[in-house]
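For reference, the structure discussed in these notes is given below.
A quick note: this is a predicted structure, and the numbers were derived from the prediction, not measured.
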Amino acid sequence: MWEKAFSHVPGYGGGDESPRARTLEEIKEFLDYAHIRQCLLRPYFEVDDYPVVEARELLPSFEVDMHEYKNLPGFSMVVFDRPLNSFQEVFQYDALHAPTDWEGPQAQEFACQLEESVIATNVRTFLSRLPKRHHARFIEQFGSRDICGMDLYDELLPFLLDLERAHVVAHDATGRFTLQGMYASLPSNLDSELKQFGLRIGKFKPGNSIMYECNRLFVYQFMMELYGFPIVSERRTSSAMFSIRLLRQNQRFIVRVLGQSDRTITTLMSRQPDAPAKIRRYPRVEKIALVRVNESQKETIELLDDQGFFVDRKNRVVILRVTYQQHEYNPRNVREDRALSVHRQEVIHPLTGRVIDALNIIQNVQNMILRLNDIVRGECRIPITYKRSDIIRSTENHEDRLKVLSMWLSKHMYRIVDYSDEYFAQVVKVLDGYLLAPDNYDVFSEHHELHQEVWGRFSHIQQARKVRVLEELRWRRYRGQPVSYKEMLETMTDILGDLKFEIVSYFDKLVAKVLIIGEDVAADPYLRRKYVDVKEDSLSPYGLEIRRLYHRLVALLDEFRSIRKSRTLSGAG
């Protein structure tokens with residue numbers, strides 16, 4: 001199957017036609033086909049028990065990889081939409097030159113580099129970095145060929161995968177994309193970037209070490225996720241940091257990396273020059289992986305099968321490309337640490353390269369509820385990482401079940417916060433049926449801390465859903481519809497009244513957000529000018545009701561401040 005992959009794609013699928021990529025978007029499409037074919041499909045068919053990526057692994061926030069598959073390929077690369085200038089570049093690499101680079105008067109100036117043919121020099125450079133066991137095969141295959149040409153890239157790729165460092169594609173002297181470098185070290189100024197970002201979003205203050213130590217992990221995770229990664233290997237970290245540097249220089253680029261842990265091709269690509277400045281601040285983040293379609297998605301499976309999109313029909317495996325959208329840090333948002341969300345999902349045809357983008361493979365709400373049912377019934381067999389250190393491979397016993405529930409609730413918190421009341425009611429029914437089951441009382445007493453941890457996460461979600469409604473009400477909208485000032489204040493005070501009694505499970509971040517939202521409403525200039533800072537006898541009955549609700553809001557906010565103050569003092573004590 002992998003040998004036939006994309007054989008119906010013009011300019012890629014075989015024959016003598018070489019790729020004609022002239023733009024960054026065109027070379028990306030060519031690289032997509034080459035990397036899917038050699039780095040995903042080939043291992044899938046050649047490696048026993050290939051670890052297909054679970055759909056949840058492509059949902060932010062991304063999980064830390066606990067296992068590295070040494071027998072699977074991994075690589076990093078960078079593509080520039082310009083020629084390289086080796087002395088002025090901000091990274092180190094071994095230069096390769098296409099024969100066209102030495103045409104014209106330049107050949108006389110650099111005659112020392114032409115003592116032997118350019119092709120032979122490129123081959124020697126490549127061999128100097130290639131493990132010796134591959135030399136004979138490489139020489140036989142490429143000894144007299146121009147390895148820089150993109151028409152040989154797919155054939156050369158298995159050898160590039162044996163190199164520890166990045167390879168570089170850029171323009172040659174004629175403006176064509178060619179392989180221009182190898183064994184490249186992408187610089188990673190992690191410490192400086194982390195501190196600058198933390199200062200920018202207000203999580204760090206100059207010279208405040210306690211604030212830095214308390215918030216460092218949050219800032220680190222948020223910053224990395226903006227570029228499509230959890231806190232992981234040096235290869236992926238340096239790729240993210242290098243893309244930050246290139247964005248600051250307003251360069252047009254692609255940075256691409258495949259980890260042996262995540263089995264996912266991640267692409268960081270600069271935006272189009274005419275894109276709004278706010279969007280250009282971050283790269284376009286894409287991930288491509290082999291994913292199994294959930295067996296419950298009957299209509300989707302039928303559609304994909306009819307149109308030949310399955311790589312492996314029996315196991316329902318497809319090539320899935322997911323594009324993400326970044327979110328600016330916002331301390332007023334209840335989903336404060338959401339850096340990334342899914343923007344688009346595309347299933348790629350393994351022969352024609354055609355895509356279907358109207359399907360929901362990884363975010364299907366019903367799939368998530370089915371998975372939740374599997375967890376509480378002890379039927380989940382998918383490896384889950386618990387607190388970055390413990391791998392849970394099944395949920396057969398209650399201890400593992402509680403650990404997996406805790407991580408499931410943590411990972412999907414933002415999605416559950418945004419669920420409709422109908423779907424959230426299904427979540428509540430499943431969790432209550434397990435966590436409150438009388439038959440499990442003795443077991444949960446034995447694992448009291450874990451049981452309380454799960455309840456804490458569930459309580460946090462329930463309260464966050466209420467705060468999420470308050471966020472919407474602040475802009476005088478409720479359930480997606482505009483509301484009057486009176487309706488806003490009525491609903492807001494009702495929610496705050498309910499929430500006050502739920503704070504037996506206290507979450508300081510949520511209480512802080514309640515106060516921020518409430519204070520924004522209390523300071524609303526129109527509300528104060530029209531209904532509060534006026535004489536009472538000048539108000540109509542409607543205005544008097546708004547004024548009453550306003551004072552009720554202020555009183556509730558005072559109660560929340562008092563609760564927070566007492567909790568802070570008791571915590572300090």
Side-chain angles (χ1 to χ4, degrees), residues 1-3 5 31-32 34-77 130-131 133-134 154 156-167 186 224-225 227-240 255-268 285-293 311-312 314-322 348 350 361-362 380-394 404 407 411:
M1 172 64 194
W2 76 267
E3 292 175 329
L31 292 171
D32 282 353
H35 292 149
I36 292 169
R37 181 175 182 269
Q38 292 281 5
C39 305
L40 299 182
L41 293 177
R42 184 173 184 173
Y44 180 79
F45 287 100
E46 292 187 346
V47 176
D48 292 337
D49 298 323
Y50 179 90
V52 173
V53 172
E54 290 294 330
R56 64 178 171 79
E57 295 179 59
L58 298 178
L59 279 172
S61 58
F62 301 115
E63 298 168 21
V64 176
D65 311 311
M66 295 301 293
H67 185 72
E68 188 169 10
Y69 300 91
K70 296 287 189 180
N71 57 339
L72 296 183
F75 74 90
S76 55
M77 73 174 300
L130 189 68
R133 64 183 180 276
H134 301 304
D154 187 90
L156 187 68
L157 193 49
F159 295 98
L160 289 169
L161 297 176
D162 277 309
L163 302 179
E164 292 183 3
R165 300 184 184 180
H167 56 281
L186 306 183
M224 287 297 295
E225 192 136 304
Y227 297 88
F229 301 114
I231 300 172
V232 284
S233 64
E234 183 60 29
R235 174 187 278 164
R236 283 175 277 174
T237 300
S238 62
S239 296
V255 171
R256 175 165 283 187
V257 59
L258 168 66
Q260 289 173 298
S261 303
D262 64 352
R263 299 96 65 211
T264 301
I265 298 167
T266 302
T267 303
L268 308 174
V285 176
E286 287 184 3
K287 289 182 179 286
I288 303 175
L290 299 183
V291 173
R292 183 178 289 108
V293 180
V311 168
D312 179 348
K314 180 182 177 182
N315 293 305
R316 308 182 307 280
V317 176
V318 295
I319 306 163
L320 183 66
R321 176 167 54 211
V322 183
I348 303 174
I361 303 297
I362 65 173
C380 182
R381 299 289 185 273
I382 298 167
I384 302 286
T385 304
Y386 176 70
K387 295 189 175 179
R388 301 177 181 268
S389 60
D390 191 4
I391 299 178
I392 312 298
R393 300 193 180 278
S394 75
V404 172
M407 297 313 295
K411 179 178 177 66

Exercise. Would a distance-only check, ignoring hydrogens and angles, find a side-chain to backbone donor-acceptor pair under 3.5 Å from D262 to G259?
Worked result: yes
Exercise. If we only count heavy atoms from C-beta on, is the H35 to L157 side-chain gap below 4.5 Å?
Worked result: yes
Problem set entry | Side chains of L268 and V285 in contact at under 4.5 Å (non-hydrogen atoms) | yes
Exercise. So, do T264 and F62 sit near enough that their side-chain heavy atoms are less than 4.5 Å apart?
Worked result: no
Seminar exercise, completed: dist I319:CD1 -> L40:CG (nearest 0.5 Å) comes out at 7.5 Å
For this session: Starting from the C-alpha separation in whole Å, work towards a yes-or-no answer on side chain to side chain contact (heavy atoms under 4.5 Å, CB included) for N315 and Y44.
Result: CA-CA 12 Å; N315 293 305; Y44 180 79; 3.9 Å; yes
Seminar exercise, completed: Sorted by chain and number, sequence neighbours left out, side chain to side chain donor-acceptor pair (under 3.5 Å) with R37 holds for D154
Seminar exercise, completed: Output for pair (R321 CZ, L58 CG), nearest 0.5 Å, gives 13.0 Å
Problem set entry | Straight-line distance of T266 OG1 to K287 NZ, nearest 0.5 Å | 3.0 Å
Exercise. What pairs with T267 under side chain to side chain donor-acceptor pair (under 3.5 Å), at least two apart in sequence or on another chain?
Worked result: R256
Exercise. Looking at CE of M224 and OG1 of T237, how far apart are the two atoms once the value is rounded to the nearest 0.5 Å?
Worked result: 4.0 Å
For this session: Would you give the length of the straight line joining atom CG of D162 to atom CD of E164, rounded to the nearest 0.5 angstrom?
Result: 10.0 Å
Exercise. Hey, does the side chain of R263 reach the backbone of S261 with a donor-acceptor pair shorter than 3.5 angstrom?
Worked result: yes
For this session: Please lay out, stage by stage, how Y227 and V255 fare under the test side chain to side chain contact (heavy atoms under 4.5 Å, CB included).
Result: CA-CA 11 Å; Y227 297 88; V255 171; over 6 Å; no
Exercise. Residues in side chain to side chain donor-acceptor pair (under 3.5 Å) with R316, at least two apart?
Worked result: none
For this session: Kindly compute the distance separating CZ (F75) from CG (L163), expressed to the nearest 0.5 Å.
Result: 12.0 Å
